[in-house]
Colleague: 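Have a look at the structure that comes next, please.
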Amino acid sequence: MSTATENDLDGTLTIELEDAATRRAWVSTLGLLAGMMQQWHFVGLLGGEVRYESDTFSAPYSWGHLPLGRTMLPREEWAPGMDEALDGLRREITAEGWLTAGHGEQAWQDHYRMNT
C-alpha cells in the first residue's frame, strides 16, 4: 500500500479478503491448472503489512475466464472453505491478544485493537 490509512496510524488490525495470487503469482497459475479456480485467502493487515494469513480456499472463475471475484465477492455457497478459513484466522488473531473493535462493510472486515 502506498498511502497510510487511519487504521494504519491508530494500531488497528483489519481483516481483508485477498486474491491469494496478489502476493504469490504462482498461486494463480496453480488455480488455473487445477480446473479454473481462483484461490482466495483472508489477511490481517496492520500498518499496510500482512501480519496474519488464513488458509486458502477456491472459487470458480466466471464466464469469459474472469475471476468471479472481480464481479462478485466469494460466498461460502460456491467457495467452500471460506468460512472455515475466516474462523481460523479470527481464532489466531484473538489468541494473540487482539480484541474486536468493530466491523467494516463486509462480514469478514473485522477490526481489532491490541489488548493492553
Side-chain angles (χ1 to χ4, degrees):
M1 295 180 164
S2 58
T3 60
T5 66
E6 184 178 326
N7 286 352
D8 294 344
L9 301 175
D10 72 2
T12 302
L13 176 82
T14 302
I15 293 179
E16 294 291 341
L17 176 66
E18 178 180 87
D19 180 338
T22 300
R23 298 177 201 283
R24 295 183 199 102
W26 64 267
V27 172
S28 180
T29 303
L30 184 63
L32 285 169
L33 294 173
M36 303 302 290
M37 299 296 280
Q38 182 178 15
Q39 303 297 306
W40 292 90
H41 66 170
F42 294 99
V43 291
L45 298 172
L46 178 65
E49 292 182 24
V50 174
R51 296 293 178 97
Y52 298 91
E53 197 171 336
S54 77
D55 292 337
T56 58
F57 56 93
S58 299
Y61 280 84
S62 64
W63 293 105
H65 305 292
L66 291 173
L68 198 51
R70 301 285 187 254
T71 57
M72 187 156 96
L73 295 172
R75 291 191 311 265
E76 179 68 26
E77 301 87 63
W78 49 269
M82 179 178 176
D83 290 346
E84 185 177 333
L86 180 57
D87 290 344
L89 183 62
R90 286 173 170 158
R91 282 191 302 275
E92 181 181 354
I93 289 169
T94 57
E96 292 196 5
W98 292 90
L99 300 173
T100 304
H103 300 281
E105 283 183 32
Q106 302 297 332
W108 60 77
Q109 287 177 320
D110 296 341
H111 303 293
Y112 295 88
R113 302 279 305 183
M114 183 51 81
N115 184 14
T116 54

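Remember, predicted model here, so these are calculated numbers, not experimental data.
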Colleague: Taking only residues two or more places apart in sequence, or in another chain, which ones meet Gln109 in a side chain to side chain donor-acceptor pair (under 3.5 Å)?
Modeller: Glu16
Colleague: For a quick test of reading the model, state the closest non-hydrogen atom pair linking Gln39 to Ser58 and the distance between them.
Modeller: NE2-OG, 2.8 Å
Colleague: Hey, are the side chains of Leu13 and Leu45 touching, using non-hydrogen atoms and a 4.5 Å cut-off?
Modeller: no
Colleague: One pair to check against side-chain hydrogen bond (donor to acceptor under 3.5 Å, both in side chains): His111 and Thr14. What are the steps and the verdict?
Modeller: CA-CA 5 Å; His111 303 293; Thr14 302; 3.0 Å; yes
Colleague: List in chain and number order the residues that pass side-chain contact (heavy atoms from CB on, under 4.5 Å) with Glu84, two or more places apart in sequence or in another chain; answer none if no residue qualifies.
Modeller: none
Colleague: Would you name the heavy atoms of Leu46 and Thr12 that are closest together and state the gap between them?
Modeller: CD1-O, 3.4 Å
Colleague: Among residues at least two apart in sequence or on other chains, which ones pass side chain to side chain donor-acceptor pair (under 3.5 Å) with Gln106?
Modeller: none
Colleague: Nearest 0.5 Å please: distance from the CG atom of Asp55 over to the CE atom of Met82.
Modeller: 14.0 Å
Colleague: Got a sec, which residues hit side chain to side chain donor-acceptor pair (under 3.5 Å) with Arg51, two or more places apart in sequence or on another chain?
Modeller: none
Colleague: Roughly how far apart are Trp40 CH2 and Leu86 CG, rounded to 0.5 Å?
Modeller: 14.0 Å
Colleague: Applying side-chain contact (heavy atoms from CB on, under 4.5 Å), can you list everything that pairs with Thr94, at least two apart in sequence or on another chain?
Modeller: Tyr112
Colleague: Rounded to the nearest 0.5 Å, how far does CD1 of Ile15 lie from OG1 of Thr100?
Modeller: 8.5 Å
Colleague: Tell me whether the rings of Tyr52 and Trp98 are parallel (<30°), tilted (30 to 60°) or perpendicular (>60°).
Modeller: perpendicular
Colleague: Give the C-alpha distance, both sets of side-chain angles, the deciding distance and a yes or no for side chain to side chain contact (heavy atoms under 4.5 Å, CB included) between Arg113 and Leu99.
Modeller: CA-CA 5 Å; Arg113 302 279 305 183; Leu99 300 173; 5.5 Å; no
Colleague: Which residue pairs pass the salt bridge (Lys or Arg N to Asp or Glu O under 4.0 Å) test when at least one of the two sits in residues 95-110, sequence neighbours left out?
Modeller: Arg90-Asp110
Colleague: Which atom pair, heavy atoms only, marks the closest approach of Gly44 to Leu89?
Modeller: N-CD2, 4.3 Å
Colleague: Taking all non-hydrogen atoms of both residues into account, name the closest pair between Phe57 and Ala85 and its distance.
Modeller: CD2-CB, 3.9 Å
